[in-house]
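If you're wondering where the values come from, they're calculated on a predicted model, not measured in any experiment. So that the names make sense, note that chain A is the first sequence line, chain B the second, and so on, each numbered from 1.
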Amino acid sequence: MNVHYSQNTIERLSNLRRLEAESIHIIREVAAEFSNPVMLYSIGKDSGVMLHLAMKAFYPSKPPFPLLHVDTTWKFRDMITFRDNIAKEYGLDLIVHTNQEGVAQGINPIDHGSSVHTHIMKTEALKQALNTYGFDAAFGGARRDEEKSRAKERVFSFRNASHGWDPKNQRPELWNLYNARVAKGESIRAFPLSNWTEHDIWQYILTENIPMVPLYLAAKRPVVERDGMLIMLDDDRLKLRPGEKVEEKMIRFRTLGCYPLTGAIESEAATLPAIIREMLIARTSERQGRLIDKDESASMEKKKREGYF
Amino acid sequence: MAFAEETLGVDAAVAEYVRAQESKDQLRFLTCGSVDDGKSTLIGRLLYDTKLIFEDHLAALEKDSRKHGTVGDEIDLALLVDGLEAEREQGITIDVAYRFFATDKRKFIVADTPGHEQYTRNMATGASTADLAVLLVDARNGLQVQTRRHAFIASLLGIRHVVLAVNKIDLVDYSEDRFNEIRKEFEAFSSGFDFDTYQAIPMSARYGDNVTVKSEAMPWYTGPTLLDHLETVEVGEHELDAPFRLPVQWVNRPNLDFRGYSGTIASGRVAVGDEVVVAGPGKVSKVRQILVADAEAGEARAGEAVTLTLADEIDISRGDLLSGTAARPDVADQFAAHVIWMADEALLPGRSYLLKIGPKTVTATVTEIKHKINVNTFEHVAGKTLDLNEIAFCNLSLSAPVAFDPYEANRETGSFILIDRMTNQTVGAGMVWFALRRASNIHWQSLHIDKQTRADRLGQKPVVLWFTGLSGAGKSTIASILEKKLHLDGKHTYVLDGDNVRHGLNRDLGFTVTDRVENIRRVAEVAKLMTDAGLITLVSFISPFRAERRMARDLMAEGEFIEVFVDTPLEDCKKRDPKGLYAKVARGELTNFTGIDSPYEAPENPEIHLRSVSDPDVAAEQILSYLRDNGLLTSSQFADTGAYI
């Protein structure tokens, strides 16, 4: 149980408390309105905050839904270890789904590139899992400040039976009244962190002491410079190209995904306060480290139409 | 906490930043304006100047500016916020976008809403969660039809703070006269809206004048910049001062020993030990424990997500509304509301929709469109259906009673959405204005609710005003005028009229003496029930016999029965003869007629004696004075609601 911060001296709820309450409201609303919800757990910092909020929302009960991790088989090893520990520690059901057809075809980010890999091992894999288990609602940790097309997405975002998003035909969303009605096969993606920013997330992690994958903190790690990004060698599947050389550098990650697609930044920030200090003087956005957003500026919108989270 | 030790290790700036974050609050505002007023540019400017545009965003922006930009070689800040492909191609905003920026004092959530008429629904969406509205006008064009519409919708949606941003002031040579002209015009037409704060600011979003930095080109302007104003404007939390309301979202039952009711406090405060009541059934219990999120607390307040446990095992489920025992919400299955229609297919009265109010969903029909509102002129117009982006004042009838407050008093418990039952689309948004009288007071079954409680809830003293007098004396006319006056004063009233009651309840009775007595007995009993319900009941009956009036008086508590003798001479009544009854008697078509061939026993000591009334309005005022003088009429808090709508 956490200490409750008394608001007696402040007439208005602080930004973080207001965000926290809003997220809990959304999480409870999904649990109450849907028959078979699931929480997408990507192991990253936003997922960690979302899970923390879910634990609070139903305390002293456990959240009444399982976690789902779509494993592309290319996640950092630290992430997988962390994931299994968290599920055990929180006492939650964890479903891990991998697109076995993709595995059989040998799809990987190194040979097939970010867009094919992401489409088959993430987007398609997610659809498979949602169909297999018949989930009618899926929580995601996406934030509106991440990217332009996200800025227009609803908190309860409707998906048709083939999981597609129609940005021009979104349901109006007023007050805190969320329309949870879906027909058979259709579903809702629910985004409890819609109104959080990257700053809010780190601030909250710090205040609430939320456990994080150690990769967010700077440490000496083996990296190679490729396509203008620092790629960490997490296992021996990343083959060096001619001219590339492995260096030990003090690095950390602002965002975590498949390791060959996720760029590290050089950093000395080995503690949370140090990360916040770095962030205050940051000149680039966090998604900058992701290859999948680089193709063109509307790429996220395209992916989301196809069913990407 | 581990963090405290770590904090000591980092420099003072970070520690200061972290501390500032703890007390930083949040302001949600929306920007609205016509197509080319520069909304997106303004938000882009705020993001740019508060340095929330990162280098990679900027690089993408430069690329986009060359592809879609409308300002030549400069960076087009609007492209930062026009997120969807179609918008960038068309150079317009087609959907609500939410943007974020922060200063040392506040975090801001901006809803950027489109200005075209066909997108009114999006503006309402953005306004529904906003504390403040920034209304943009182009200094060259001045106020537009859209500006009026935006001010009206902002006001309708309960926004109490506005900024009039007179943009593109650079294009009118930073003219003070032009600014004042626009400002005055806006002040004239918006004076009817209930805004708590208002600030007009001349600015140029494109060049940044008076957005975050004071403009050197306008020394005549001494007010704050937009950002200064947004950082400091006091948006008092109305919901904190309102009575306690907790819509129950979720019943938390981890084991047999714990039964918690979870939800977000819509308004007011609650503390351990407080009495709470479930609206509708009226069951009362006490708060035993409060969890704010997962932390035990002695009290909680509006906006917090809590779980309460109560001292008694009472039946509470999702959709119920908890309140304090003193100021309770309305419970009704019919109410009047403003509805904004948001679907291509028109709203049809009589069609069944789903209505979601708080965590409760019921089926509902619009029984009547009272009038539509022209959002540009604010005129009332008649209409049978409601089309996309139209707003109307409607009566709704629900499949089950729900608890609510008027929207004006409580945005959280007074708002609802309508959902199409076939397509599941959100097709309408509504704001409850008031419960319809015929629906009130029929759902209170608990023994714990007594006459006093009900009367307190209605904020009035229940009495029976018993009008007696000859046929044609003016009883019904005076009673009707009096009821209107009481109603306008926010009182809850009912008129029992002799002729009307004989059409239903007393349909089986004739005009023999026996029947006349039974007639009065039944009416007296009904008046007693109504008094018990807390109403001010006006009985308009000839009631010729003292004995029966006595019987009626004895049924009521001391001081609750007020006999009003409408003493009009028989000759005058005959002359007036409003229903042609005296003429019938004269023709011998009617017998047993009071005052002619059946006696009228005049009251000996009526509380109010109205002699030879010539002006019924004066008579009604006389009765009001009597009620006031005897402490039976408390002044109303509801006077003048909604005068401008």
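Heavy atoms from other residues, nucleotides or ligands lying under 6.0 Å from CG of A:D93 number 12 at most.
For a residue to count as touching a neighbouring chain, one of its non-hydrogen atoms must lie under 4.5 Å from one of that chain's; by this rule B:I265 does not touch chain A. Residue contact with chain A, scored on non-hydrogen atoms closer than 4.5 Å, involves the backbone and the side chain of B:K356 alike. Both the backbone and the side chain of B:Y98 come within less than 4.5 Å of a heavy atom of chain A. Heavy atoms closer than 4.5 Å to chain B are found in the backbone of A:S194, but not in its side chain. Interface remark: B:R253 contributes backbone atoms only to the contact with chain A (heavy atom separation under 4.5 Å). The part of A:D200 that comes within reach of chain B is its side chain, from C-beta onward, which places non-hydrogen atoms under 4.5 angstrom from that chain. Heavy atoms of A:N179 lying under 4.5 Å from chain B belong to its backbone as well as its side chain. In this structure, the portion of B:I419 lying under 4.5 Å from any heavy atom of chain A is its side chain and not its backbone. Heavy-atom distances place both the backbone and the side chain of A:E29 under 4.5 Å from chain B.
When each of B:G126, B:G303, B:G260, B:G298 is checked for heavy-atom pairs under 4.5 Å with chain A, B:G303 comes out on top. Of the residues considered (B:V306, B:I357, B:T361), B:V306 shows the highest number of contacts with chain A, using heavy-atom pairs under 4.5 Å. Counting heavy-atom pairs closer than 4.5 Å to chain A, the top-ranked of the candidates B:A127, B:A111, B:S262, B:A429 is B:S262. If you tally non-hydrogen atom pairs under 4.5 Å between each of A:Q203, A:K62, A:E186 and chain B, the highest count goes to A:Q203. Ranked by heavy-atom pairs shorter than 4.5 Å toward chain B, the options A:A31, A:A183, A:P64, A:A180 are led by A:A31. Comparing B:R411, B:E412, B:K24, B:R106 by how many heavy-atom pairs each has under 4.5 Å with chain A, the most go to B:K24. Interface remark: of the candidates A:L53, A:L19, A:L16, A:L19 forms the most heavy-atom pairs closer than 4.5 Å to chain B. Among A:E173, A:M55, A:H25, the residue making the largest number of heavy-atom pairs under 4.5 Å with chain B is A:H25. For the options B:T129, B:N252, B:T264, heavy-atom pairs under 4.5 Å to chain A are most numerous at B:N252.
Using cut-offs of 30° and 60° on the angle between ring planes, the pair A:F156 and A:Y178 is parallel. Between B:F101 and B:F108, the two ring planes are parallel [angle under 30°; tilted spans 30° to 60°].
Between A:E268 and A:R277 there is no salt bridge, since no side-chain N of the basic residue sits under 4.0 Å from a carboxylate O of the acidic one.
Atom CH2 of residue A:W196 and atom CZ of residue A:R143 lie 10.5 Å apart, to the nearest 0.5 angstrom.
For the residue pair A:F158 and A:I188, the shortest heavy atom distance occurs at CA-CD1, 3.8 Å.
Using modelled atom types, one finds no donor on one side chain facing an acceptor on the other under 3.5 Å when comparing A:N176 with A:E22. Judged by distance alone, the side chains of A:S187 and A:R189 never bring a donor and an acceptor atom under 3.5 Å apart. Residues A:R154 and B:T426 bring no donor and acceptor atom of their side chains to less than 3.5 Å of each other.
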Worksheet item: Given the rule in the side chain to side chain contact (heavy atoms under 4.5 Å, CB included) test, do A:L174 and B:M342 qualify, once you have shown the distances and angles that lead to the verdict?
Response: CA-CA 11 Å; A:L174 295 97; B:M342 302 185 153; 3.7 Å; yes
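Proximity of the aromatic rings of A:F65 and A:F139 is defined here by a centroid distance below 6.0 angstrom, and this criterion is met.
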